[in-house]
Amino acid sequence: MTLVFSGNDYKYEIEGVMKLFIPATLFDIVYGDEIPPGDFAFVRMKRFDNYALLYVICSYGGKKSRKVCRSSLDADFELILSRLLFKAMSEITGVVPKWGVITGIRPVKQVNRYLHKNMTESEIFEAFQRDYLCSHEKCEIALKTATAQKKILDELDKNSFSLYVSIPFCPTRCSYCSFVSQSIEQCMGQIPEYLDNLCKEIEYTGALVKKLGLQLDTVYFGGGTPTTLEAHQLERLMKTIAASFYLSHLREYTVEAGRPDTITQEKLETIKKNGCTRVSINPQTLSDSVLEKIGRKHTTEQFFKAFDLARKVGFDSINTDIIAGLPSDTPDSFANTVDKLIQLGAENITVHTLSIKRAARLNRNREQGVLENPADEMVSYATKRLLESGYAPYYLYRQKNMLENLENIGWSKQGKESLYNVYIMEEVQTILAVGAGGSTKLVDLDGKRLERVFNYKFPLEYNKHFDLMLQKKNEIEDFYAHKE
């Protein structure tokens, strides 16, 4: 497939729109005025004295479509060309992606911009559908999410920050996973040195934020699977945090318990007594055959036991992650998963859509027909059931290579929204990350600045270059020095 750009260079956005219709494809990029043979999209923009003429000609699978628009010279040409391409490819393929030309990962940010302009609900719907060709269904879910976030965002202290603690280890690696995580069997020897260095980084970061006068708002242990560590190792980390930061303003403390096969009563009691207020216990599916297919080395029975243990220990905020579109899953078995989690009364239910990254083992199976599940039907069912069961969407994001161009949505009972998830998705608060694979996100809302500082990616290089990595923390101080 050839993409031809004539009079413009909107490669990134146009390529993103094309991938809505022809996913996992490498396009040949050409700049010029000639229409090529075979399958192509010819994207043309021509300026005149008082107007611009934009048009798209597409040829794919033996079918052709041509779309033309005349616009003012101050128009958003990239958006107009994206809409023309979307309409042409929809006409050819019969596919109408529900998010329209929104290819970014944070659609709710646009809704928030509309809300800040004091636009009404009907005006927002009209703008989303007109500008982005977004379906009514997705407009509605984006607006509901933005509404749920408003109170959280309004209460945000601009001098606050969150701490992310990376534990990049798992018992085994799931087939769909592309995260920076190492199986315990492969890296057991790295863990003691990793924990020593992680505690040093926590202490160094704590001293830095005290110097800067920042206020810790939330803590989030992610990975990997943090509960891969033993109870005494978790306690050591949490005590180091307590000794390194002022916790008097802490509002949320999450530990991803993740894999049910890593959860014990001792670990849950340890994290509870050391300040954890919220845990994630993630089945991904409540079908044992699907769990086996994706390489999750636990059963649904283990999930239910782990959930019950968390309740007995005293956790009243439990998140459960599930994934729509897993290999061999069906609409019926997915619906069973959703229904059972609602019956359990989990405070948060996060519905992910399967996204196949190049780093995931499952990516090799694309050609074997294992990714043909009707993810859209599954997500629609989850949306309907969760809404009627009193849950509301409170954060939403999208990833590349998601089945059917869908999304991930965090659902919550009222008052049980995760602050950290809202902050990181909407990019409204500084997130300081410690540990391998951690990505610090520095946010200055007043100056409208956002900068990132990346830790070394893997535990081995994190340990090997630890002193150099600590030096990168100076970028945090430099950032805040320029806020004055």
Side-chain angles (χ1 to χ4, degrees), residues 12 104-106 109 112-113 152-153 155-168 179-180 193-224 237 240-254 397 419-484:
Y12 180 83
I105 66 173
R106 296 179 176 88
K109 291 189 78 170
N112 284 328
R113 282 193 283 268
I152 294 171
L153 298 177
E155 293 177 349
L156 177 63
D157 187 326
K158 290 185 178 181
N159 199 44
S160 68
F161 76 99
S162 288
L163 179 70
Y164 177 82
V165 183
S166 175
I167 312 295
F179 284 101
V180 179
E193 184 181 4
Y194 181 81
L195 291 178
D196 287 344
N197 286 332
L198 182 56
C199 286
K200 291 176 186 176
E201 188 184 3
I202 290 168
E203 291 167 347
Y204 190 94
T205 305
L208 181 60
V209 299
K210 286 177 181 177
K211 179 180 178 181
L212 295 172
L214 301 179
Q215 181 175 294
L216 182 57
D217 189 12
T218 79
V219 176
Y220 194 101
F221 275 58
L237 288 176
T240 301
I241 290 171
S244 303
F245 297 90
Y246 296 126
L247 304 184
S248 56
H249 294 93
L250 190 68
R251 294 194 292 163
E252 179 180 279
Y253 200 138
T254 298
Y397 69 102
L419 304 177
Y420 176 87
N421 284 333
V422 173
Y423 297 154
I424 196 166
M425 286 305 143
E426 298 310 309
E427 298 181 317
V428 294
Q429 186 191 60
T430 286
I431 310 287
L432 300 183
V434 294
S439 173
T440 285
K441 186 179 294 185
L442 302 168
V443 178
D444 176 9
L445 294 177
D446 293 329
K448 308 298 182 185
R449 291 188 301 147
L450 192 155
E451 295 181 14
R452 290 177 172 83
V453 182
F454 299 98
N455 281 9
Y456 285 104
K457 192 172 183 179
F458 297 104
L460 185 62
E461 59 183 351
Y462 175 87
N463 287 338
K464 185 177 180 180
H465 304 293
F466 182 72
D467 290 339
L468 289 174
M469 197 209 65
L470 276 191
Q471 293 177 22
K472 290 171 67 66
K473 294 292 180 186
N474 294 331
E475 296 179 38
I476 299 171
E477 190 168 3
D478 292 342
F479 178 88
Y480 280 95
H482 287 96
K483 284 189 69 172
E484 303 302 329

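Index from 1, following the sequence.
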Option from Leu237, Ile202, Asn197 for which side-chain contact (heavy atoms from CB on, under 4.5 Å) with Val434 holds = Ile202
Identify, with sequence neighbours excluded, every residue that meets ring-ring contact (aromatic ring centres under 6.0 Å, His included) alongside Phe466.
-> Tyr462
Could you list the residues that satisfy ring-ring contact (aromatic ring centres under 6.0 Å, His included) with Tyr456, not counting sequence neighbours?
-> His465
May I have the list of side-chain donor-acceptor pairs in residues 467-476 shorter than 3.5 Å, sequence neighbours left out?
unit_1	atom_1	unit_2	atom_2	d
Lys473	NZ	Glu201	OE2	2.9
Lys473	NZ	Ala433	O	3.0
Asn474	ND2	Gln471	O	3.1

For Tyr220, all residues meeting side chain to side chain donor-acceptor pair (under 3.5 Å), sequence neighbours excluded = Glu256
With Lys448, which residues qualify under side chain to side chain donor-acceptor pair (under 3.5 Å), at least two apart?
-> none
Backbone of [Y] reached by a side-chain donor or acceptor of [X] within 3.5 Å:
{"X": "Tyr423", "Y": "Thr218", "answer": "no"}
{"X": "Arg106", "Y": "Met425", "answer": "yes"}
{"X": "Glu252", "Y": "Leu419", "answer": "yes"}

What do the steps show when you test Asp217 against Asp157 for side chain to side chain contact (heavy atoms under 4.5 Å, CB included), and what is the final call?
-> CA-CA 9 Å; Asp217 189 12; Asp157 187 326; over 6 Å; no
Among side-chain atoms of Tyr480 and Thr430, is any donor-acceptor pair under 3.5 angstrom?
-> yes
Under 3.5 Å donor-acceptor pairs involving side-chain atoms of residues 240-247, not counting sequence neighbours:
unit_1	atom_1	unit_2	atom_2	d
Thr240	OG1	Arg236	O	2.8
Ser244	OG	Thr240	O	2.7

Verdict with supporting geometry, Leu163 and Leu216, side chain to side chain contact (heavy atoms under 4.5 Å, CB included) = CA-CA 7 Å; Leu163 179 70; Leu216 182 57; 3.9 Å; yes
